[in-house]
Amino acid sequence: MTREEELHKGLSEAVVDMDEDLAKELAQAVVDEGFDAYEAIDKGLSAGMEEVGRLYEEEEYFIPELLLCSDAMYAGIEILKPHIKKREDAVRHTVVIGVVEGDTHDIGKNLVKIMLESAGFNVIDLGRDIPAVEFVKAAEEHHAEIIALATLMTTAMPAMREVLEVLEKEAKRGNFKVVVGGGPISPAFAEKIGADVYAVNAAEAARLARELVA
Amino acid sequence: MNDLSPKERLLRVLSNQTVDRAPVICPGGMMNSATVDVIEGLGLSFPKVHPDAEAMTRLSSAVEEKTGFENFGIPYCMTVEAEVLGSEIDFGTPVCEPKIAKERYASAADVEVRDVKQLVREGRVEAIARAGQTIAEKNPDVPVIGSLTGPISTAASIVDPMTFLKELRKDKTNAHRVLDYVTDFLVAYAGVLIESGFPVITIADPTATGEILGPKMFGDYAVPYINRLVDAIHGRGAKAIVHICGRLDSVKKHIPTLHGDAVSTDAMVNLKALKAETGIPVVMGNVSTFALQLQEPETIRKVTEKLVEDGIDIISPACGLSTKTPVGNIAAMTEVVKDR
Ligand code: B12
């Protein structure tokens, strides 16, 4: 194993072990020793977060663990980010995410945000209980390619549809891909309201979002 | 056979004594059944009802009448506790329940402990107590149930929830300090309700599900604080129902350690099997709230009949109802139980 590979492995393990300090230390080592920052995020921190996603699906990890792992990942990214060399192929795709109006359940949305970020997206998080027009406004302002909508409540499902209606009405539907998810949402509902993609969980949301911008 | 009064029946079930048939109830709070259909025609409106004792008295009477539930259940949301403890509340709309607009504290370490004796004089506590007292005096045969938001959910409604969940691991000292405080407040609040004539208290703690916390945290945090609250309720001579949301698989071993007089669960849990497996004597549930909103009365009847046949001790909705649940579906559910 080369020194660089060793650092990648260490970063990945620091994320899985929820070790924020170690993640920072190793990220700093990557910078100091002149290795590629983007590679360290991709093959180290993100790889670790992917493993965390698997542990969550296997019910080894639960929400508190997952959040602490993501903190370790963010701590590493923070240090590496300024050192990413501008590369032609590394355009950052932006996603605007939020929980639709009428609903304040935001734990699932936050997991989706974390997985999108670890997959390399620039994520603008609007929060919870967000009116339809706010999604469209933010997406335009931040030149987003994807709008991600969440709800856990059946009573808020019409508010999800409303976002698509606003896009249609303002003739902006073609400008964005729309991803939807959350407990009561189904592929059939996604199709009915004219969303592009339904994802059942955070890992799938990140995978499908990548396909959308590929 | 309907020999017992609804209150006697519920209290007997909760004491694990024989009854003529299962009670069919809905405790309020997280499991609110003051729906859009129910409030229609009363000259009342959400969100104006929430802080108004007189309006609550009328609304809860209408719930009992129109749905057929054999109890009164107040309040109609999960924000009473967080409001008193300082969070900003958005009282919602005619179709949307009150919700937390902004948690008071960024982290557990920031929480300042106030005197709970003073806190129970604030917010909607007194109005809720008064509403319950009036209903109880007018209807001595029907139980009034007070619904509390459980310790973890309340804590994660006053401290930023993501931070709080992390602090359960990262800052155990302050996490416990906040849970101590919140539980002390809940004990005092329950005390006020019991004094005002609420014979039964329900505790619902959605943020403390096995799916969110996992078995270790559920055992370390959810169980001890819920039990402390239940013990205090028992100490005041009232009964306690504990509702646990979500799938139970990962936390099943903890269920028999809960001190509640009944355990209520969501629709994915097979209550008959849960009873057999864990040996808990009294279970409550669990007509799917999605079915209640979206299916036809005929389906609701079948689902309810199955629960009655399975010998489920208390029949109720499985979890939080949508405000758009048709009242005809709820009535279908309660009729099946009463006709047996
Ligand atoms: C925790 C919880 C709460 C907490 C929320 C804390 C918080 N900050 O989020 C509190 C206590 C505040 C709460 C309040 C209420 N709740 Co609640 N709550 C739950 C519970 C038990 C768990 C939700 C959860 O966080 N799960 C863990 C996360 C990780 O899972 P998840 O959200 O499903 O996310 C995954 C996927 O869905 C997907 N996903 C999620 N979002 C997105 C987004 C995109 C874009 C994509 C692609 C994918 C995706 O990926 C995620 C991870 O892989 C659910 C029941 C349940 N089992 O779902 C009820 C539930 C959602 N609540 C319910 C209700 C009724 C309420 C209240 C209205 C109660 C009341 N009477 O006041 C209030 C809400 C008030 C309001 N208007 O907002 C009902 C809704 C019923 C309905 N008809 O819709 C539910 C379904 C319970 C039930 N079975 O009845 N609740």
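Each chain gets a letter, A, B and so on, in the order the sequences are listed, and its residues count up from 1. Because the structure is predicted, anything quoted here is derived from the model rather than measured.
- Listed in order of number, the residues of residues 26-34 of chain B that approach chain A to under 4.5 Å between heavy atoms amount to none.
- With a 4.5 Å cut-off on non-hydrogen atoms, B/Met217 touches chain A through its side chain but not through its backbone.
- One side chain, A/Asn122 or A/Thr94, offers a donor N or O that lies under 3.5 Å from an acceptor on the other.
- The main-chain N or O of A/Gly120 is never found under 3.5 Å from a side-chain atom of A/Arg210 such that the two would form a donor-acceptor pair.
- For the pairing with A/Arg54, the side chain to side chain donor-acceptor pair (under 3.5 Å) check across A/Glu57, A/Glu58, A/Glu51 returns one residue only, A/Glu51.
- With a 4.5 angstrom heavy-atom cutoff, A/Thr155 touches chain B via backbone and side-chain atoms both.
- Looking at A/Asp106, the atoms closer than 4.5 Å to chain B (heavy atoms on both sides) sit in the backbone and in the side chain alike.
- Under a 3.5 Å cut-off, the side chain of B/Thr154 and the backbone N or O of B/Thr149 do form a donor-acceptor pair.
- Among the candidates B/Ile100, B/Thr289, B/Val95, the residue making the largest number of heavy-atom pairs closer than 4.5 Å to chain A is B/Ile100.
- Remark: the backbone N or O of B/Gln295 is paired with a side-chain donor or acceptor of B/Asn329 at under 3.5 angstrom.
- Scanning both residues, A/Leu126 and A/Glu134, for their nearest heavy atoms gives CD1-O, 3.9 Å.
- Interface check for chain B: of the options A/Thr104, A/Leu68, A/Leu66, the most heavy-atom pairs under 4.5 Å are formed by A/Leu68.
- Using a 4.0 Å cut-off between a side-chain N of Lys or Arg and a carboxylate O of Asp or Glu, A/Asp196 and A/Arg173 qualify as a salt bridge.
- At a 4.5 Å heavy-atom cutoff, the contact between B/Glu97 and chain A is made by side-chain atoms alone.
- At a 4.5 Å heavy-atom cutoff, the contact between B/Phe290 and chain A is made by side-chain atoms alone.
- Each salt bridge (Lys or Arg N to Asp or Glu O under 4.0 Å) pair with one or both residues in residues 83-94 of chain B, not counting sequence neighbours, appears once here: B/Glu83-B/Arg124, B/Asp90-B/Lys99.
- B/Pro215 and A/Phe62 make their closest contact through CD-CE1, 3.4 Å (heavy atoms, listed as atom of the first residue, atom of the second, distance).
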